[in-house]
Visitor: 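Starting off with a structure, shown below.
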Number of protein chains: 2
Amino acid sequence: MSNPSKMKVYQEVLNKIRHFIQERELEDGDRIPSERELSEQLNASRASVREALRAIELLGLIETRHGEGTFLRTYKPFHSVELLSTFVLTEAQTKNELNEVQFMLEKLCLQELKRLNVRGIEELKSLDDASEQIHNELFILLFNQLGNQLLLKIWHLVASFQQLTEQEQLDTSDLQSIIDQIKRQEYDQAIDTHSRLYT
Amino acid sequence: MSNPSKMKVYQEVLNKIRHFIQERELEDGDRIPSERELSEQLNASRASVREALRAIELLGLIETRHGEGTFLRTYKPFHSVELLSTFVLTEAQTKNELNEVQFMLEKLCLQELKRLNVRGIEELKSLDDASEQIHNELFILLFNQLGNQLLLKIWHLVASFQQLTEQEQLDTSDLQSIIDQIKRQEYDQAIDTHSRLYT
DNA sequence: TTGCGTTAGTGGTCTGACCATTTATGAAAA
DNA sequence: TTTTCATAAATGGTCAGACCACTAACGCAA
């Protein structure tokens with residue numbers, strides 16, 4: 001009754017934990033107080049603290065180790081992918097949209113590589129043998145060249161969704177062609193070859 | 001001891017709720033069973049059920065009304081944005097990355113509009129008066145033209161993050177130019193003008 | 001010094017209780 | 001009959017306390 005904020009306890013706990021992290025400038029791997037400590041310091045029951053922590057955990061922001069404690073970790077959206085997919089993929093057209101977006105992001109990547117005139121990507125050499133995961137490995141490598149982790153995260157998110165829809169495997173020979181073309185810095189050709197993957 | 005899956009209870013509850021929703025093809029606004037019902041049917045304590053529900057709620061997938069029940073709602077990523085920002089924006093370079101990604105996505109949008117040879121966008125006429133939100137309105141409109149909701153969601157997510165960083169306002173005159181150029185289907189010029197926004 | 005059992009701390013889970021809010025119920029009043 | 005309103009039932013919100021499972025540190029013994 002005396003709560004004017006009307007906000008749920010677990011949400012207030014959430015915010016307090018956020019502030020706690022911000023003020024102390026905690027980083028990846030740092031430990032946050034135990035559930036019992038938080039419960040006491042934040043004046044909330046352990047159950048409410050846990051509700052907040054579980055929510056944060058599902059978002060992939062913290063990691064919980066039984067018997068050890070709760071630790072920060074850099075945001076990895078991949079953990080909530082499967083869950084979100086249930087709700088996002090219900091619309092019939094979404095699978096097709098996923099395909100489109102993944103294609104566009106990869107094309108964007110190749111265009112940027114060309115624009116930045118990237119040359120001599122050392123790591124490409126280790127990709128010669130075509131494996132199942134070659135598509136993923138290739139673009140993780142390429143997006144890393146752009147130096148934008150966020151774009152990589154977004155692409156990875158979309159690509160992960162794709163895998164859940166049991167998409168058919170792409171042609172590895174075309175992938176090999178793309179690798180070779182990038183080695184020779186023939187980005188326009190690589191973009192063309194890449195387009196063929198998605199038709 | 002007898003749990004070979006080693007998965008936490010709240011995560012199993014999570015999955016069971018997902019399956020429940022999938023099987024019954026529940027849609028936006030539909031009600032899911034009460035916490036006590038779920039607790040009984042899923043053979044878990046109400047506390048564990050709540051941990052799962054709170055996590056789903058934070059993701060923006062369900063809505064909870066005191067005294068009424070819990071209801072599905074279409075996924076809106078905007079709710080968890082503020083929370084995520086605390087954790088994502090800690091890295092110094094991230095703001096810059098956000099800027100880059102937003103720019104690239106918008107450029108991608110314009111390129112696709114050109115490629116699809118989109119003409120005669122009716123809704124542009126109502127954007128003549130430059131408002132504060134014109135940037136958002138414009139690209140929501142343009143992404144909608146592409147007919148890919150997922151891409152729109154991704155852009156909107158990134159743009160929302162941006163707003164939290166108190167980014168300075170963009171030049172509205174340039175935005176007006178872009179609108180005019182799109183009206184005349186001068187996409188190349190629009191792309192050039194757009195580049196100027198982010199320099 | 002090394003090895004290992006003990007123990008304290010921590011997350012994981014459950015039970016049961018009580019409060020706050022909404023909606024349905026049904027009796028009383030018009 | 002219709003309307004009004006107190007009551008009850010269902011539901012989410014929150015808490016306290018208990019117990020289990022796991023980890024790491026401690027300290028004693030070999």
Side-chain angles (χ1 to χ4, degrees), chain A residues 1-18 20-21 24 26 28-73 79-80 83, chain B residues 1-17 20-21 24 26 28-73 79 83:
Chain A
M1 53 159 183
S2 63
N3 187 0
S5 66
K6 288 193 65 176
M7 189 175 284
K8 295 179 190 172
V9 173
Y10 95 91
Q11 289 176 325
E12 288 183 342
V13 171
L14 212 53
N15 289 327
K16 288 175 182 173
I17 293 177
R18 279 174 48 207
F20 181 88
I21 293 170
R24 320 220 169 184
L26 298 185
D28 189 35
D30 288 342
R31 187 172 172 280
I32 63 182
S34 73
E35 295 178 355
R36 289 172 178 84
E37 278 183 67
L38 287 173
S39 169
E40 193 171 353
Q41 293 179 16
L42 304 184
N43 202 29
S45 74
R46 201 182 147 207
S48 294
V49 170
R50 277 187 64 83
E51 287 182 12
L53 288 177
R54 270 350 98 215
I56 302 179
E57 182 182 56
L58 192 65
L59 284 174
L61 302 177
I62 59 174
E63 184 180 357
T64 263
R65 298 203 275 267
H66 194 175
E68 295 184 58
T70 306
F71 303 84
L72 261 190
R73 71 172 173 195
H79 296 80
S80 50
L83 179 72
Chain B
M1 51 159 185
S2 62
N3 187 357
S5 65
K6 287 194 65 176
M7 190 175 283
K8 295 179 189 173
V9 173
Y10 95 91
Q11 288 176 326
E12 288 182 343
V13 171
L14 213 53
N15 289 329
K16 288 174 182 172
I17 292 177
F20 181 89
I21 293 171
R24 320 220 169 182
L26 298 186
D28 189 32
D30 288 341
R31 187 173 172 283
I32 63 181
S34 73
E35 296 177 354
R36 290 172 177 83
E37 280 183 65
L38 288 173
S39 169
E40 194 171 353
Q41 292 178 15
L42 304 184
N43 202 31
S45 74
R46 201 182 147 208
S48 293
V49 170
R50 277 187 63 84
E51 287 183 11
L53 288 177
R54 269 351 99 212
I56 302 179
E57 183 181 55
L58 192 66
L59 283 174
L61 302 177
I62 60 175
E63 183 179 358
T64 262
R65 300 191 207 120
H66 194 173
E68 296 184 58
T70 306
F71 304 84
L72 260 189
R73 73 172 173 194
H79 295 80
L83 179 72

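Protein chains get the first letters and strands the later ones, always in sequence-line order, with residue 1 at the start of each.
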Visitor: Identify which nucleotide among C:dT13, D:dT23, C:dT23 has an atom closest to any side-chain atom of A:E68, counting heavy atoms from C-beta outward.
Guide: D:dT23

Visitor: Mind calculating the distance between CG (B:L14) and P (C:dT13) to the nearest angstrom?
Guide: 12 Å

Visitor: With centres under 5.5 Å and planes under 30°, do A:H66 and D:dA21 count as stacked?
Guide: yes

Visitor: For C:dT23, does either OP1 or OP2 sit under 4.0 Å from a side-chain N or O belonging to B:R65?
Guide: no

Visitor: Tell me: CZ of A:R46 to C1' of D:dA16, nearest whole Å?
Guide: 12 Å

Visitor: Please figure out whether B:P33 or B:A47 has its closest DNA chain D nucleotide nearer the 5' end.
Guide: B:P33

Visitor: Output the rounded distance in Å from CZ (B:R50) to C1' (C:dG16).
Guide: 15 Å

Visitor: Take A:I17 and A:I62 through the test side-chain contact (heavy atoms from CB on, under 4.5 Å) and record every step on the way to the result.
Guide: CA-CA 11 Å; A:I17 293 177; A:I62 59 174; over 6 Å; no

Visitor: With sequence neighbours left out, what residues match B:R36 under salt bridge (Lys or Arg N to Asp or Glu O under 4.0 Å)?
Guide: none

Visitor: Would you indicate, yes or no, if C:dT10 has its OP1 or OP2 atom less than 4.0 angstrom from a side-chain nitrogen or oxygen of A:T70?
Guide: no

Visitor: Classify the side chain of A:R36 and the base of C:dG11 as holding, or not holding, a donor-acceptor pair under 3.5 Å.
Guide: yes

Visitor: Measure from CD on B:E37 to P on D:dG12 and round the result to the nearest Å.
Guide: 8 Å

Visitor: Can you sort out the partners of B:E35 under side chain to side chain donor-acceptor pair (under 3.5 Å), two or more places apart, ordered by chain and number?
Guide: B:R46, B:R50, B:R54

Visitor: Please figure out whether B:S39 or B:G67 has its closest DNA chain C nucleotide nearer the 5' end.
Guide: B:S39

Visitor: Which nucleotide wins on minimum distance to the side chain of B:S48, given the candidates C:dG11, C:dT13, D:dG12?
Guide: C:dT13

Visitor: Decide yes or no on side-chain contact (heavy atoms from CB on, under 4.5 Å) for A:L58 and B:L59, but give the supporting numbers first.
Guide: CA-CA 8 Å; A:L58 192 65; B:L59 283 174; 3.5 Å; yes

Visitor: Rounded to whole angstroms, how far apart are CD on B:E35 and C1' on D:dA9?
Guide: 17 Å

Visitor: If I take atom CD from residue A:E57 and atom OG1 from residue A:T64, how far apart are they, to the nearest 0.5 angstrom?
Guide: 4.5 Å

Visitor: Could you give the distance from CZ (A:R31) to OG1 (A:T70), rounded to the nearest 0.5 Å?
Guide: 7.5 Å

Visitor: Taking only the side-chain heavy atoms of A:T64 (C-beta and beyond), determine which of D:dG12, C:dC14, C:dG11 contains the nearest atom.
Guide: C:dG11

Visitor: Round to a whole Å and report the spacing from OH of A:Y10 to P of D:dG12.
Guide: 14 Å

Visitor: Using 0.5 Å steps for rounding, measure from the CG atom of A:N43 to the CD atom of A:Q41.
Guide: 11.0 Å

Visitor: To the nearest 10°, let me know how far the axis at one end of the helix from C:dT1-D:dA30 to C:dA30-D:dT1 is tilted from the axis at the other, five pairs an end.
Guide: 10°

Visitor: Can you tell me how far P of D:dT11 sits from CD of B:E63, to the nearest Å?
Guide: 18 Å

Visitor: Write down the distance between CD (B:E51) and C1' (C:dG12), rounded to a whole number of angstrom.
Guide: 8 Å

